[in-house]
Amino acid sequence: MHKIKKYDSFAGLAKELEASLGGLVVLSGGSTLPPLIQSFNDLGALNGKTTWTWNDERLVSYEDPGSNFGTVRDLLGEDDLVPLPFADNEEMASGYMQCISEDSLPEADLLLLGFGDDGHIASLFPGSEALETEGKDTEWLVRATASYEPKERWSWTMNALTRSKKTVVLFKGSLDSDKGKILSEALEDPNCTYPLARFLRTTKGEVSICQVEA
Ligand SMILES: O=C1O[C@H](COP(=O)(O)O)[C@@H](O)[C@H](O)[C@H]1O
């Protein structure tokens with residue numbers, strides 16, 4: 001059973017995670033991304049030792065406020081940035097995959113994993129085709145569709161995410177919120193079908209669950 005570590009700010013969380021930066025760090029989008037990267041920046045922890053990528057991206061320009069990469073690219077100073085493509089373009093997708101992992105599924109050194117209040121992770125939504133893994137052992141980047149805007153996405157697959165050496169599940173808010181209840185269910189119910197729960201049951205790496213209460 002995973003214990004939830006509590007932090008009163010993203011600054012406190014970033015301080016503890018600083019020592020784990022380096023190698024390939026895979027970020028999630030959404031609400032936890034800007035405050036976490038801002039806190040790494042404030043600590044001076046963005047210093048050329050890390051390759052950053054994202055586990056999903058929306059098919060909008062990097063200037064659009066819906067772009068995961070776009071929201072933080074100005075902060076990620078000297079480190080290597082490998083954004084997912086912003087368009088449904090095969091050449092861009094294969095260029096991205098080559099950059100991250102030449103011929104096999106990638107293995108993140110650290111995965112900073114957000115989740116949605118429907119239990120989705122990356123852009124793997126409950127019931128979506130992108131979640132199917134059977135017979136797709138070598139597939140690690142897929143097109144996915146959300147039910148809300150921006151709908152069209154790229155997403156890492158469950159097979160790729162679960163190879164991460166270390167995962168920090170990020171949760172902002174109270175355990176009484178809708179998202180807090182999703183987290184509790186994913187942690188406590190062995191039959192829970194949320195993508196987050198599937199990830200927690202199958203990941204090969206070490207997992208910490210971090211709650212920022214602010
Ligand atoms: O669509 C997405 O949602 C989740 C959660 O985002 P949040 O705004 O509710 O924190 C995120 O982890 C994922 O990367 C993102 O694209």
Side-chain angles (χ1 to χ4, degrees), residues 4 7 9-10 13-14 17 24-39 52-62 64-73 76 81-88 93 96 100 106 108 110-131 140-158 160-162 164 167-187 194-200 203 207-214:
I4 302 179
Y7 299 83
S9 66
F10 276 92
L13 172 62
L17 293 180
L24 180 64
V25 177
V26 179
L27 297 162
S28 297
S31 61
T32 56
L33 176 65
L36 186 65
I37 299 301
Q38 181 67 61
S39 302
W52 303 90
T53 193
W54 283 258
N55 62 31
D56 73 335
E57 189 52 277
R58 293 95 182 265
L59 304 196
V60 292
S61 83
Y62 295 145
D64 188 291
S67 165
N68 289 336
F69 168 65
T71 51
V72 290
R73 70 167 161 183
L76 287 167
L81 310 181
V82 188
L84 279 96
F86 58 81
D88 188 357
Y96 171 77
I100 294 294
L110 175 65
L111 168 64
L112 296 169
L113 189 67
F115 62 98
D117 50 16
D118 55 359
H120 82 264
I121 55 170
S123 282
L124 303 174
F125 294 88
S128 86
E129 212 184 294
L131 261 179
W140 69 268
L141 184 70
V142 289
R143 282 277 286 103
T145 308
S147 56
Y148 54 89
E149 298 293 341
K151 289 187 179 173
E152 299 308 320
R153 320 269 182 109
W154 284 109
S155 181
W156 281 37
T157 60
M158 192 65 88
L161 293 170
T162 53
S164 304
T167 297
V168 173
V169 176
L170 297 171
F171 166 58
K172 182 179 79 163
S174 132
L175 288 174
D176 295 331
S177 65
D178 288 349
K179 210 185 245 199
K181 288 179 191 153
I182 294 278
L183 176 62
S184 305
E185 223 181 299
L187 290 172
Y194 297 139
L196 174 62
R198 269 180 66 174
F199 172 87
L200 292 170
T203 187
V207 177
S208 319
I209 316 280
C210 296
Q211 175 190 10
V212 178
E213 293 175 295

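We count ligands from 1, going down the list as the structure has it; atoms in each ligand are counted the same way.
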> Is there at least one pair of N or O atoms, one from T32 and one from ligand 1, spaced under 3.5 Å apart?
Replying inline: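 No; every N/O pair is 3.5 Å or more apart.
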With heavy-atom distances below 4.0 Å as the criterion, list the atoms of ligand 1 near [X].
X: S31; result: 7 (P), 8 (O), 10 (O)
X: G29; result: 11 (C), 12 (O), 13 (C), 14 (O)
X: F115; result: 5 (C), 12 (O)
X: G114; result: 12 (O)
X: D56; result: 13 (C), 14 (O), 15 (C), 16 (O)
X: N68; result: 16 (O)
X: A122; result: 13 (C)
X: S28; result: 12 (O), 14 (O)

Sub-3.5 Å donor-acceptor pair from the side chain of [X] to the main-chain atoms of [Y], do we have one?
X: K172; Y: F10; answer: no
X: S28; Y: L112; answer: yes
X: T162; Y: T203; answer: no

State, with a plain yes or no, whether a side-chain heavy atom of [X] is found less than 4.5 Å away from one of [Y].
X: I209; Y: L200; answer: yes
X: Y194; Y: I182; answer: yes
X: W154; Y: S123; answer: no

>> I'd like to know if R143 pairs up with E152 as an ion pair, taking the criterion as any Lys NZ or Arg NE/NH1/NH2 lying under 4.0 Å from an Asp or Glu carboxylate oxygen.
In response: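 Result for this pair is yes, salt bridge flagged.
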For [atom], what's the nearest protein heavy-atom neighbour? Residue, atom name and distance, please.
atom: atom 3 (O) of ligand 1; result: H120 NE2, 3.0 Å
atom: atom 6 (O) of ligand 1; result: G30 CA, 3.6 Å
atom: atom 9 (O) of ligand 1; result: K179 NZ, 2.8 Å

> Going from CE on M158 to CZ on F199, what distance comes out if it is rounded to the nearest 0.5 angstrom?
Replying inline: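 M158 atom CE to F199 atom CZ measures 8.0 Å (nearest 0.5 Å).
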> Side chains of D56 and S155: do they bring a donor and an acceptor to under 3.5 Å?
Replying inline: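 S155 and D56 do not have a side-chain donor-acceptor pair below 3.5 Å.
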> For F171, is the nearest heavy atom under 4.0 Å from an atom of ligand 1?
Replying inline: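 Judged by the 4.0 Å heavy-atom criterion, F171 does not count as contacting ligand 1.
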> Could a heavy atom of E57 be found less than 4.0 Å from some atom of ligand 1?
Replying inline: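 The answer is no: ligand 1 sits nowhere under 4.0 Å from a heavy atom of E57.
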>> Please classify the Y148 to ligand 1 contact at 4.0 Å (heavy-atom distances, strictly less than): side chain, backbone, both or neither.
In response: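 Y148 to ligand 1: side-chain contact only, backbone stays beyond 4.0 Å.
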> What do we get for R58 next to ligand 1 when only non-hydrogen atoms under 4.0 Å count, side chain, backbone, both or neither?
Replying inline: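 It is the side chain that gets close, since no backbone atom is under 4.0 Å.
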>> Which label fits Y96 and W140: parallel for a plane angle under 30°, tilted from 30 to 60°, or perpendicular past 60°?
In response: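 Correct class here is tilted.
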